[in-house]
Amino acid sequence: MSEPKDCPAFVEVKLSKPFVVNGVSMLTLRLREPTAGDQKIAIRTPGTDKDREAVLFANLLEVSVSDIDRLPLRDIQRISKAFDTNFFD
């Protein structure tokens, strides 16, 4: 059995360009470790897998779903990669 991987409480995701959230220009977003509750909320969200992913990422980044929808796809990919590589064994 392999050693458990250290899991950070959060990771900083560098954005491709400044992004305004609540009137504040951000160059990075802080992605927190997901909980079982976050997963339940996302699973209960109607719509497509991408809709559920947007809800999950919005919760973990503490921004709105409309903020997620305004991000460039390259930043969504960066968030997804940070999510996949930092919070799962």
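Summarising the geometry, atom CG belonging to D84 is positioned 11.5 Å from atom CD belonging to Q77; distances are rounded to the nearest 0.5 Å. From L15, atom CG reaches atom OG of S25 across 9.5 Å, with rounding to the nearest 0.5 Å. If you take CG on L71 and CZ on R78, they are separated by 11.0 Å, rounding to the nearest 0.5 Å. Note that the CG atom of L31 and the CG atom of N59 stand 11.0 Å from one another [nearest 0.5 Å]. Here CZ of F87 is found 10.5 Å from CG of D38. Values are rounded to the nearest 0.5 Å. How far CD1 of I79 is from CD of E53: 9.0 Å, rounded to the nearest 0.5 Å.
Figure legend: cation-pi geometry between R30 and F10, with NZ or CZ positioned under 6.0 Å from the six-membered ring centre and within 45° of its axis.
Residues P34 and L60 share a closest heavy-atom pair of CA-CD2, 3.6 Å. Listed here is the closest heavy atom pair of A82 and V11: CB-CG2, 4.0 Å. Taking each heavy atom of P46 and R52 in turn, the nearest pair found is C-NH1, 4.1 Å. Nearest approach of V55 to A42, heavy atoms of both residues: CG1-CA, 4.4 Å.
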Check against side chain to side chain donor-acceptor pair (under 3.5 Å), R74 and S16: CA-CA 7 Å; R74 70 177 146 223; S16 60; 2.9 Å; yes

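Hydrophobic clustering (ILVMFWY, side-chain heavy atoms < 4.5 Å, transitive): M26 and I76 are in one cluster. One hydrophobic cluster, built from ILVMFWY side chains closer than 4.5 Å, cannot hold both L27 and L73; they sit in different ones.
Between the side chain of T85 and the backbone N or O of K81, at least one donor-acceptor pair lies under 3.5 Å.
The side chain to side chain contact (heavy atoms under 4.5 Å, CB included) test with D67 singles out one residue from V21, L29, L61, and that residue is V21.
Residues L56 and F83 are in side-chain contact: their nearest non-hydrogen atoms beyond the backbone lie under 4.5 Å apart. Taking the side chain as every heavy atom from C-beta outward, V13 and T28 never approach each other to under 4.5 Å.
Ion pairing between D75 and K14 fails under the 4.0 Å rule for side-chain N and carboxylate O.
For Q39, the CD atom counts as loosely surrounded, since its 6.0 Å shell holds 12 or fewer non-hydrogen atoms of other residues, nucleotides or ligands.
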